[in-house]
**Student:** 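The structure follows.
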Amino acid sequence: MPRTALRICPLCEATCGLTLTIEGAAVTGARGDRDDIFSRGFICPKGAAFGALDADPDRLRTPLVRRDGTLQEATWDEAFDAIAAAVPTLTERYGPQCTGVVLGNPNTHTMAGALYPPLLLKALATRNLFTASTLDQMPKHVSSGLLFGDPFAIPVPDLDRTDFLLLIGANPVDSNGSLCTAPDFPGRLKALRARGGTLVVVDPRRTRTARLADRHLAPRPGSDALLLAALAHTLLAEKLTDPGTLLEHLEGIGELTEALRAFTPEEVAPACDLSAEEIRLLARELAAAPSAAVYGRIGSCTVEYGTLASWLVDVLNILTGNLDRPGGAMFPLSATAAAPRPAGPGRGFALGRWSSRVSGHPEAKGELPMAALAEEIETPGDGQIRVVIAVAANPVLSAPDGDRLDRALSGLEFMVSVDPYLNETSRHAHVVLPPPPPAQSAHFDFAFNGFAVRNQARYSPAAIPLEAGRMDECEIHARLILAVSGRHGADPRTVDEAVIADTLARAATDPRSPRSGTDPQSRVRMPAGHDGPERRLDMMLRLGPYDLVLEDLRNAPHGVDLGPLTARLPGLLKTRSGRIELLPEPIAAELPRLREALADRPTALVLVGRRHLRSNNSWMHNVPALTGGSNRCTLQIHPDDAGRLGLADGGRARITADGGSLEVPVEVTDTLRTGVVSLPHGWGHDRQGARLGVAATVPGVNVNQLLDGSRLDPLSGTAVLNGFPVELTPLP
Ligand SMILES: Nc1nc2c(c(=O)[nH]1)N[C@H]1C(S)=C(S)[C@@H](COP(=O)(O)OP(=O)(O)OC[C@H]3O[C@@H](n4cnc5c(=O)[nH]c(N)nc54)[C@H](O)[C@@H]3O)O[C@H]1N2
Ligand SMILES: Nc1nc2c(c(=O)[nH]1)N[C@H]1C(S)=C(S)[C@@H](COP(=O)(O)OP(=O)(O)OC[C@H]3O[C@@H](n4cnc5c(=O)[nH]c(N)nc54)[C@H](O)[C@@H]3O)O[C@H]1N2
Ligand code: SF4
Ligand SMILES: [Mo]
């Protein structure tokens with residue numbers, strides 16, 4: 001008899017509630033859970049393929065251990081024995097900085113990825129942390145750190161109440177949203193239009209999102225910081241600013257006005273390839289809207305001035321008085337966040353507290369640029385990385401110059417991958433530790449609830465019991481931490497219990513914590529749960545702002561609605577001044593570089609990426625239900641450019657940039673503006689030694705091979721993945 005079970009979908013940031021159909025130990029169907037308090041039945045093709053993804057025969061079932069040069073199936077004990085025999089010896093020999101930790105995107109989609117990596121870093125005592133953030137949203141963390149003193153204080157558009165939404169470099173109709181968790185993002189955009197609101201999309205491609213908009217601007221890629229600076233300039237020059245109650249929390253508005261003086265619409269227009277009139281009009285509309293939110297994503301982050309653009313997005317929200325008010329850009333408050341504290345000065349946010357060894361890149365939020373990982377492994381000397389622990393990461397395809405990283409990883413003395421697949425990256429590991437498929441894992445969105453357009457909390461216990469021979473990913477992480485730190489064989493629960501004891505002790509004695517002084521017998525201090533991760537979740541809920549316990553979530557399988565977003569200023573500010581620092585010093589120091597960019601003009605051809613609804617970065621090309629159709633690795637080009645270059649639809653071309661060249665199939669389409677071509681990322685599944693049977697049949701090419709890793713947004717260390725120059729030649 002089939003049964004059903006609820007499971008939050010971990011396949012993108014929308015966190016839809018799914019109803020899984022389960023027969024025996026297999027997921028045979030998935031539909032949207034109509035009673036889910038947040039997603040209300042929405043599902044996309046990826047969620048619908050949950051069962052196929054769960055059952056992918058290429059998923060590893062047992063650990064792999066390298067013996068005589070080849071990866072062979074092994075028991076869990078053998079795998080952790082191998083790690084315990086290697087890592088402590090190497091760190092003793094070379095010092096703790098010989099280890100590097102690489103964290104990929106799915107860590108934000110698992111409980112294990114939220115709870116254990118900080119402990120792993122502490123156990124290794126290394127500063128060599130590389131994550132997908134420096135291929136993604138690090139500019140936003142840096143701008144929030146500088147403006148608000150907290151890199152995680154990222155405001156989200158109050159989608160369901162706003163009157164005006166300006167989307168910059170985001171395509172939520174295909175991506176389903178990012179740094180803005182909103183199941184059925186497309187439906188919410190349509191609802192905005194239906195209630196008389198306005199949607200403006202800024203994107204060099206006429207995306208499916210742009211097609212929903214009232215207005216679509218298609219500027220030259222990489223020019224958003226200039227456009228946003230001109231919008232802010234216009235608000236200030238035309239006295240259209242209205243910060244309202246924010247004013248008392250602002251520092252530096254006079255300095256900001258001065259710093260943006262050069263960025264008039266007339267000055268930026270040629271560099272953006274827009275008209276000064278349309279820029280002025282947009283500024284006036286933004287100011288006139290009863291409520292408005294500006295939101296930027298990948299196309300505003302992984303570009304040359306990513307941190308400046310991310311900062312200006314919130315400068316606009318502040319100047320128009322839309323930050324922290326309903327219908328504007330608001331700060332969510334998740335159920336596992338620390339309970340709000342009284343306002344006051346904080347510790348502030350510092351950049352560049354240390355630098356990378358080889359190129360001297362400043363750290364940001366404790367991370368070094370992923371684009372610098374290969375050189376840190378390859379370059380001999382004190383502090384050379386010789387051991388890599390990669391968790392849910394495939395940088396060989398996701399980061400610039402995968403061929404170089406490929407060579408670098410193959411020269412490591414030891415590598416561990418926690419990954420369900422033997423893929424382009426994990427094939428270099430000495431030990432691969434495979435987590436179970438999602439249906440066998442419990443789920444709670446520690447990360448995405450903090451970016452959700454409505455405050456809510458939902459918990460999914462594992463839908464299917466762990467298959468024999470499987471190990472829960474939380475236990476894998478706990479055992480890994482023990483194995484690398486000389487505590488191999490200890491009970492993995494001790495890892496969680498140490499965190500619980502430590503956190504409760506700190507909460508009780510922290511004078512600014514609203515939970516300080518609670519007596520040891522109070523309900524706040526008595527976490528419960530079936531295992532370590534559940535107990536930690538329960539503890540965080542108890543210490544959190546809503547006075548919830550895990551049992552409350554168990555009793556509400558479709559979720560607990562915690563209401564619309566509410567104002568959080570000034571309590572959340574952690575700057576040294578205790579105010580919003582509008583023109584932080586590192587930003588001011590970057591503005592001269594942006595002034596020089598006023599002289600930039602459209603060049604012959606630049607490349608941008610794109611995402612396909614039925615795909616996700618590098619790891620979903622192995623599921624037949626999600627492949628084929630329009631989900632192809634083609635080079636899209638405007639008909640005018642194709643004609644000029646002698647390229648035909650369905651033909652082939654050679655594309656060349658700084659880092660290398662590739663042969664690509666050509667797709668002619670007028671959805672791009674002229675001067676811009678688009679190639680998606682996550683492809684290039686043609687390397688030996690991977691075990692991705694379906695993906696290998698249609699491998700595509702790795703767009704990141706066009707990059708050499710030297711183009712970075714300097715403040716955040718984020719790779720420039722969009723808007724770099726390329727050349728094209730036809731192939732017979
Ligand atoms: N050119 C270009 N490059 C890009 C981008 C772009 O837009 N253009 N986008 C960038 C962005 S935004 C990102 S986030 C990065 C992503 O970069 P990565 O995180 O390196 O890439 P993913 O493809 O998400 O790979 C995730 C890995 O996690 C594994 N995995 C899947 N599920 C689980 C799980 O439950 N547990 C564990 N332990 N592992 C799991 C997969 O098998 C895969 O190996 O790529 C970046 N690269
Ligand atoms: N289906 C699907 N969903 C996903 C993913 C996926 O791979 N597939 N990946 C997930 C991840 S890891 C992330 S980070 C999110 C990303 O979520 P989004 O940011 O919404 O996704 P993208 O499709 O990368 O949208 C970026 C847009 O920026 C445009 N762009 C490029 N350069 C510029 C520029 O210089 N200026 C402007 N204004 N626009 C520019 C591109 O044309 C593109 O349409 O999506 C997540 N969801
Ligand atoms: S939109 Fe995202 S969370 Fe929702 S079903 Fe699709 S992949 Fe899953
Ligand atoms: Mo991402």
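Worth knowing before you read on, the calculation uses all heavy atoms, side chains too, and leaves out hydrogens, waters and symmetry mates. All ligand and atom numbering here is 1-based and tracks the order in the structure.
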**Student:** Only heavy atoms of Asn704, strictly under 4.0 Å: list the atoms of ligand 1 that pass.
**Tutor:** 1 (N), 2 (C), 3 (N)
**Student:** What I want to check is whether the side chains of Asn394 and Thr425 have a donor and an acceptor closer together than 3.5 Å.
**Tutor:** yes
**Student:** Pull out every atom of ligand 1 sitting under 4.0 Å from any heavy atom of Thr110, numbered as shown with elements.
**Tutor:** 35 (O)
**Student:** Distance under 4.0 Å to a non-hydrogen atom of Val418: what atoms of ligand 1 satisfy this?
**Tutor:** 37 (C), 38 (N), 39 (N)
**Student:** May I ask you to say whether Arg687 pairs ionically with Asp403, meaning some side-chain N is under 4.0 Å from a carboxylate O?
**Tutor:** yes
**Student:** Geometry only, no angles: is Tyr421 polar-contacting ligand 1 at N/O separations under 3.5 Å?
**Tutor:** no
**Student:** Got a salt bridge between Arg297 and Asp136, using NZ or NE/NH1/NH2 to carboxylate O under 4.0 Å?
**Tutor:** yes
**Student:** Could you check whether Asp273 pairs with Arg673 (Lys NZ or Arg NE/NH1/NH2 to Asp/Glu carboxylate O, under 4.0 Å)?
**Tutor:** yes
**Student:** Please examine the side chains of Thr634 and Leu679, heavy atoms only from C-beta on, and report whether any two atoms are closer than 4.5 Å.
**Tutor:** no
**Student:** For atom 8 (Fe) of ligand 3, what is the number of protein N, O or S atoms at a distance under 2.8 Å?
**Tutor:** 1
**Student:** Under 4.0 Å from ligand 1, counting heavy atoms only, is it the side chain of Pro435, its backbone, both or neither?
**Tutor:** side chain
**Student:** Between the side chains of Arg458 and Thr15, is a donor N or O closer than 3.5 angstrom to an acceptor N or O?
**Tutor:** yes
**Student:** Salt bridge check: are Glu467 and Arg61 linked by an N-O gap of less than 4.0 Å?
**Tutor:** yes
**Student:** Run the ring-centre check on Phe448 versus His109 and record whether the distance is less than 6.0 Å.
**Tutor:** yes
**Student:** For Thr181 and Glu13, does a side-chain donor sit closer than 3.5 Å to a side-chain acceptor?
**Tutor:** no
**Student:** Heavy atoms under 4.0 Å from ligand 2: which residues qualify?
**Tutor:** Lys46, Asn105, Asp136, Ile168, Gly169, Ala170, Asn171, Pro172, Asp174, Ser175, Ser178, Val202, Asp203, Pro204, Arg205, Thr207, Pro221, Gly222, Asp224, Arg297, Ile298, Gly299, Val303, Val608, Arg611, His612, Leu613, Ser615, Asn616, Asn617, Asn722
**Student:** Between Lys140 and Asp314 (salt bridge meaning N to carboxylate O under 4.0 Å), is one present in this structure?
**Tutor:** yes
**Student:** If we ignore hydrogens and angles and just use 3.5 Å, is the side chain of Arg7 paired with the main-chain N or O of Pro438 as donor and acceptor?
**Tutor:** yes
**Student:** When only distance counts, is Val391 in polar contact with ligand 1, meaning an N/O pair under 3.5 Å?
**Tutor:** no
**Student:** So if I count the atoms of ligand 1 from 1 in the order they appear, which ones are less than 4.0 Å from some heavy atom of Asn423?
**Tutor:** 42 (O), 43 (C), 44 (O)
**Student:** Any chance the side chains of Asn722 and Thr302 put a donor and an acceptor closer than 3.5 Å?
**Tutor:** yes
